[in-house]
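Just so it is clear, the model here is predicted, and its values are computed rather than measured.
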Amino acid sequence: MKTFPFALALILLCCSVTPGFAQGPDELWEMSMKMEMAGMSMPAQTSQVCKKKGDRDAYVKDKNSDCKMVDSKQSGNRSTWKVVCTKPEAMTMLGDVTYNGDNFKGTIKVTGSDMDMTQNIAGKKIGGCTYEEPGKKVAAIQAQSNAMIAKECDKQIEELQPMMFFGGQNLPPESLMCKDRKADFCARTDKVAQQMRDQAGFDAANSKYPHWRDAVKACGKDPAVVTGP
């Protein structure tokens with residue numbers, strides 16, 4: 001899962017979490033982010049970020065990439081920009097943010113060879129802080145991104161939802177965020193199938209896991225066989 005976490009990390013650079021902000025001369029903002037891709041929508045995430053006083057730039061470059069700002073425009077309280085990257089992943093980011101006093105809202109659209117997602121962002125100024133260079137926080141942001149993905153994969157495993165592991169319904173490759181955890185998914189599927197070998201277990205699991213047949217098939221087995229006596 002290289003492309004998705006890297007792109008998300010680039011976006012999250014504008015909204016990184018730093019606990020324990022002290023009052024200072026700069027601006028503390030509360031940010032919310034919701035990511036959408038074809039076939040799925042991630043839950044909204046809320047965090048806080050310290051920005052230099054008066055800074056209205058929602059894009060921050062990762063020092064480990066070659067991303068370049070190729071276009072940037074300001075029209076009244078609206079800012080738009082275009083960023084192009086070729087490594088470590090090729091992608092284009094289009095930002096569109098409108099400020100209204102101490103509030104803003106907008107979108108960041110990210111496209112690449114196997115990527116097409118939209119980050120809906122919003123924020124409000126909530127106090128003061130002391131600004132630190134965001135490049136120091138890249139590792140923490142990447143870890144936060146990975147933890148968010150892992151949590152969602154755990155949920156899909158628990159519910160026997162195979163799509164984020166194996167695909168389906170023409171989902172693009174970037175939607176398969178859990179593809180590296182197919183073994184965990186199939187182990188969970190086998191465990192549930194074993195519980196379905198008697199009538200009471202079958203009735204309970206059939207009601208709780210409406211997609212269990214798809215899960216068993218995705219793991220290369222016949223539902224009628226694995227749940228049979």
Side-chain angles (χ1 to χ4, degrees), residues 1-18 26-38 40-42 44-75 77-99 104-123 129-150 152 172-177 179-180:
M1 296 188 295
K2 294 181 180 180
T3 302
F4 175 82
F6 173 73
L8 184 58
L10 280 176
I11 296 170
L12 288 175
L13 279 170
C14 73
C15 310
S16 57
V17 177
T18 303
D26 300 306
E27 299 176 351
L28 180 61
W29 288 74
E30 182 176 87
M31 309 284 199
S32 67
M33 302 170 292
K34 184 176 182 181
M35 190 189 70
E36 298 177 349
M37 295 189 297
M40 66 167 291
S41 176
M42 296 289 286
Q45 302 290 314
T46 301
S47 58
Q48 294 181 357
V49 60
C50 185
K51 299 167 72 73
K52 290 182 179 179
K53 186 174 182 179
D55 181 9
R56 294 296 182 265
D57 187 359
Y59 166 74
V60 181
K61 180 182 177 182
D62 173 9
K63 66 179 181 179
N64 296 316
S65 77
D66 70 344
C67 298
K68 295 181 180 179
M69 182 82 71
V70 297
D71 188 26
S72 178
K73 296 178 181 178
Q74 181 79 34
S75 178
N77 61 348
R78 181 186 179 194
S79 296
T80 59
W81 71 93
K82 180 179 181 179
V83 173
V84 175
C85 313
T86 61
K87 64 179 183 181
E89 303 286 348
M91 68 182 73
T92 298
M93 290 182 280
L94 298 176
D96 189 337
V97 174
T98 299
Y99 280 85
F104 77 85
K105 63 187 302 185
T107 60
I108 301 176
K109 296 183 181 294
V110 184
T111 57
S113 58
D114 60 352
M115 182 191 317
D116 186 358
M117 64 175 143
T118 299
Q119 190 80 16
N120 296 295
I121 60 174
C129 58
T130 301
Y131 176 79
E132 295 180 3
E133 287 296 331
K136 300 176 182 179
K137 305 173 185 176
V138 173
I141 294 167
Q142 183 69 69
Q144 180 186 358
S145 167
N146 291 340
M148 183 175 67
I149 293 170
E152 183 63 24
E174 66 269 19
S175 298
L176 305 183
M177 296 183 296
K179 63 183 179 182
D180 293 335

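- Looking at heavy atoms from C-beta onward, Met31 lies in side-chain contact with Lys51 at the 4.5 angstrom threshold.
- Rounding to the nearest 0.5 angstrom, the gap separating the CE atom in Met91 from the CE atom in Met117 is 7.0 Å.
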Quiz item: For Asn77 and Phe104, what are the C-alpha separation, side-chain angles and deciding distance, and is it a side chain to side chain contact (heavy atoms under 4.5 Å, CB included)?
Solution: CA-CA 9 Å; Asn77 61 348; Phe104 77 85; over 6 Å; no
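- Ring-plane geometry between Trp29 and Tyr99 is classed as perpendicular, the angle between the planes exceeding 60 degrees on a 0 to 90 degree scale with a lower cut at 30.
- Every residue two or more places apart in sequence or in another chain that forms a side chain to side chain contact (heavy atoms under 4.5 Å, CB included) with Thr92 is listed here: Lys82, Val84, Leu94, Thr111.
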Quiz prompt | side chain to side chain contact (heavy atoms under 4.5 Å, CB included) between Gln48 and Leu28, worked out | solution = CA-CA 7 Å; Gln48 294 181 357; Leu28 180 61; 3.9 Å; yes
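- For the atom pair SG (Cys50) and CD (Glu27), the distance works out to 8.5 Å, reported to the nearest 0.5 Å.
- Rounded to the nearest 0.5 angstrom, Trp81 CH2 and Gln74 CD are separated by 10.5 Å.
- With rounding to the nearest 0.5 Å, the separation of OG in Ser47 from CD in Gln144 is 6.5 Å.
- Here the side chains of Asn120 and Glu36 are in contact, with some heavy-atom distance below 4.5 Å.
- Smallest separation of non-hydrogen atoms from Asp26 and Lys52: OD1-CA, 3.7 Å.
- Annotation: the span from Lys109 atom NZ to Thr118 atom OG1 amounts to 3.5 Å, rounded to 0.5 Å.
- Separation of atoms CD (Glu30) and OG1 (Thr46) is listed at 6.0 Å; rounding is to 0.5 Å.
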